[in-house]
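Since the structure comes first, as structure tokens, the remarks are kept for the end.
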Amino acid sequence: MTSAITKILIANRGEIACRIIRTAKKMGIGTVAVYSDADVDALHVALADESIHIGPSAASQSYLVPEIIIAAAHMSGADAIHPGYGFLSENPEFAEMCEKQKLTFIGPSAKSMRAMALKGAAKALMIEAGVPVVPGYHGDDQADDVLQKAADAIGYPVLIKAVAGGGGKGMRTVLSAKNFVSSLNAARREGQNSFGNSNVLIEKLIQKPRHIEVQVFGDSFGGAVHLFERDCSLQRRHQKVIEEAPAPGLSMAQRREMGDAAVRAAKAINYCGAGTIEFIVDVANGIENAAFYFMEMNTRLQVEHPVTEMITGTDLVEWQITVANGQALPLTQDQITLKGHAVEVRLYAEDPYNDFLPATGVLETFDIPNMDSTRLESGVMAGDSISIHYDPMIAKLVAYGPTRSAAIANLKTMVTKSAITGLTTNRDFLIACLSHGEFLSGDVDTGFIGRNQDVLIIEHRVNERERALASLAILANREEHSVAAAALSDEPDSPWGYADNFMMNIPSTETLLFKDHDNGDISVFTTHENGAVSLLEGDIEHIATINDYDAGWLSVNLDGHSFSYFAVVHESSVTLVLADKTMTIQRHALRLDSGEDADGPGQIIAPMPGKILQVMVKNGDTVAKGDALLVMEAMKMEQTITAPCGGIICDLSLNVNDQVNDGQILLNITQEDE
Ligand code: ADP
Ligand code: ADP
Ligand code: MG
């Protein structure tokens with residue numbers, strides 16, 4: 001029997017580290033944060049009782065080094081380590097090291113992890129336990145021709161998966177035999193690079209699948225229960241984007257059947273702690289009577305555990321600590337009940353309009369509303385730098401409701417009222433998903449995002465109404481500054497509520513200059529009198545009043561319609577956060593833009609810092625528009641860089657494994673007539 005945990009070192013960062021600290025505090029347990037160079041000022045460090053620096057920014061030299069983490073635990077006098085998810089959470093050697101060092105590892109045994117670590121071996125084990133698995137090949141023989149024959153026998157389309165894969169990495173869909181080998185090599189390479197294992201398995205590709213997973217929990221007395229299911233079908237490239245619980249449309253009988261199968265799976269490996277059994281459900285003929293198959297088990301706390309907590313009224317981190325303390329599960333299966341519905345969105349620093357390329361930079365605004373029946377799980381604050389070193393997920397927004405539609409509506413309000421500026425995030429994309437009829441109807445499958453890309457990701461062109469809203473923000477911002485400057489004028493009433501006091505300090509007419517998409521100038525001529533503003537762009541006139549301006553949030557009336565929005569005003573731009581769109585409108589530039597015209601269309605610049613994985617062309621090669629040139633790895637994802645135009649390759653001097661910097665010229669493509 002282990003002695004009670006008194007101080008936990010959290011071997012993680014970001015939102016999950018903050019989440020664990022919260023529960024530990026509630027339980028009266030001390031907390032120790034660890035941080036790399038990049039995380040000196042991070043939120044998890046600020047929240048913990050103590051913190052220890054563990055090395056350089058690269059995770060491979062800090063968060064991922066077992067010896068450093070264990071030394072930090074000893075130094076701080078912690079008696080337990082919580083690994084969170086990712087990093088060392090599913091590393092059995094690390095779990096063993098902890099036990100040897102008399103540190104309680106808050107997670108399953110190394111033995112359970114090993115049993116489920118490789119997808120192929122896990123499938124074999126599940127077949128034995130009587131849990132259905134996806135038809136396919138998961139043998140040890142990894143010869144190209146053996147795998148190709150297996151794929152041919154399964155019948156295309158097939159899915160190749162790195163057996164050690166996770167987070168959607170190391171997977172390739174193969175539609176026909178002729179593409180098999182190139183996809184195999186890509187999956188192997190990603191498996192090797194990300195997980196140090198190039199072995200793969202092959203599965204029948206389920207054409208209309210839903211991802212439904214069951215939360216399980218075991219204790220050291222052999223007890224095991226489930227806490228119902230989560231539907232994580234809204235995915236982009238096999239990565240979860242929106243998760244909910246319970247799964248829409250699942251019958252009580254199916255729920256029971258899947259729950260029982262999941263508990264059988266957990267018992268088969270004497271599982272102790274929090275785990276998730278992921279199933280894939282074939283909904284080609286609807287959800288009723290649909291077949292479900294085991295995909296994999298995640299032997300850790302899952303990113304989307306909050307939706308389960310909301311519908312069951314539990315604290316799963318508390319359960320983890322209880323079970324790690326050698327105590328029995330807090331509830332029996334009969335005592336675990338399901339109430340209402342919960343939905344979560346993952347907020348990523350990424351650019352949906354640029355193939356979801358991870359975005360880096362300074363988070364200028366991070367303003368998320370605090371509403372009833374919602375939860376913000378965040379690892380960041382305004383002013384933080386989002387670096388290339390870690391996962392681009394910066395927060396999770398979660399909402400509850402008595403019904404699915406109420407929960408979605410609640411979440412949509414929460415996301416809509418969130419202002420995030422300074423770098424691009426998937427906020428608007430999330431709102432589009434939450435608003436889509438197919439999603440609202442509950443008829444979801446993993447193809448939803450890919451299929452609806454065209455309506456979910458619409459490249460926005462700023463229109464004249466938005467320029468009017470930007471103009472109002474500029475005027476309000478200027479007024480605020482002049483009010484602040486004239487702070488001596490001890491005025492009892494705020495000027496903002498009073499239309500006639502408003503804008504007393506700014507000129508009564510002013511021309512504001514913006515750039516349109518083609519860099520042409522657009523002017524908006526503003527006049528105001530008695531609190532009413534006239535905005536004239538060309539021959540279109542808008543009439544507006546500004547009713548409120550508070551910490552960047554504006555409430556205005558424009559042409560008889562009310563608008564609530566957020567704006568950041570800079571000399572050279574205005575960023576508007578509207579209910580469903582975030583946009584930056586360039587103002588007339590004061591400085592000359594030197595770069596833009598000098599760069600030819602054929603100059604290929606690294607979009608972010610990263611490592612070159614593959615070089616597909618050489619100097620002198622002729623390429624056509626769209627041809628793949630290089631593969632680089634940035635923020636743990638592979639990015640293929642393609643030719644923006646046809647021409648001849650020159651100035652290329654990169655080799656595989658070269659590190660490149662943001663903005664570095666990688667190569668040039670010259671046109672033949674130059
Ligand atoms: P889950 O399986 O918990 O729903 P994902 O499949 O998205 O979540 O994530 C699986 C893996 O992806 C994690 O084990 C981890 O390797 C990586 N990962 C995802 N998000 C993060 C993060 N914020 N920090 C570190 N690793 C992460
Ligand atoms: P990871 O470890 O990366 O999470 P999984 O095996 O859990 O890998 O699969 C990730 C996602 O890929 C699933 O959620 C599902 O959307 C999709 N997927 C997995 N297996 C199949 C399959 N056989 N057919 C269709 N889609 C699949
Ligand atoms: Mg998975």
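Side-chain atoms are counted along with the backbone in the values below, which use heavy atoms only and exclude waters and symmetry mates. Note that ligands are numbered from 1 as they come in the structure, with each ligand's atoms numbered from 1 the same way.
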Point-to-point distance, once rounded to the nearest 0.5 Å, from OG1 of T360 to CD1 of I388:
8.0 Å
Does even one non-hydrogen atom of Q239 get within less than 4.0 Å of ligand 2?
no
Just go through K161, R210, E296, M297 and tell me whose heavy atom is the nearest to atom 6 (O) of ligand 2.
K161
Heavy-atom contacts with L205 under 4.0 Å: which atoms of ligand 2 show up? List them by number with element.
24 (N), 25 (C)
Euclidean distance, E278 CD relative to M297 CE, rounded to 0.5 Å
10.5 Å
Heavy-atom distance to atom 19 (C) of ligand 2: which of K240, Q235, M295 wins?
M295
Please indicate whether any nitrogen or oxygen in M171 is less than 3.5 Å from any nitrogen or oxygen in ligand 2.
no
How many degrees, to 10°, between E296 OE2 and E278 OE1 as seen from the Mg ion (ligand 3)?
90°
Minimum heavy-atom distance L430-R346, with the two atoms named:
CD1-O, 3.6 Å
Looking just at side-chain N and O atoms, do R189 and Q614 make a donor-acceptor pair shorter than 3.5 Å?
yes
Side chain, backbone, both or neither: which part of V134 comes within less than 4.0 Å of ligand 2 when only heavy atoms are counted?
side chain
Given side chains that start at C-beta, do those of E213 and Q302 come closer than 4.5 Å, heavy atoms only?
yes
T446 N/O to ligand 2 N/O under 3.5 Å
no
If you compare T276, I206, V163 by their heavy atoms, the one closest to atom 25 (C) of ligand 2 turns out to be I206
Ignoring hydrogens, what is the shortest heavy-atom contact between C232 and E243? Give both atom names and the distance.
SG-CG, 3.7 Å
Heteroatom distance test (G168, ligand 2): nitrogen or oxygen, under 3.5 angstrom
yes
Under 30°, 30 to 60°, or over 60°: which ring-plane class applies to F429 and F356, parallel, tilted or perpendicular?
perpendicular
Applying a 4.0 Å heavy-atom criterion (strictly less than), which segment of K204 is in contact with ligand 2: side chain, backbone, both, or neither?
backbone
Hey, which atoms in ligand 2 end up nearer than 4.0 Å to a heavy atom of H211?
13 (C), 14 (O)
Using a 4.0 Å heavy-atom cut-off, which part of I280 comes near ligand 2: side chain, backbone, both, or neither?
side chain
Considering all heavy atoms, the nearest Y271-S112 contact:
CD1-CB, 3.8 Å
Those atoms of ligand 2 less than 4.0 Å from some heavy atom in G165
2 (O)
Counting C-beta onward and ignoring hydrogens, is there a side-chain heavy-atom pair between F279 and Y293 closer than 4.5 Å?
no
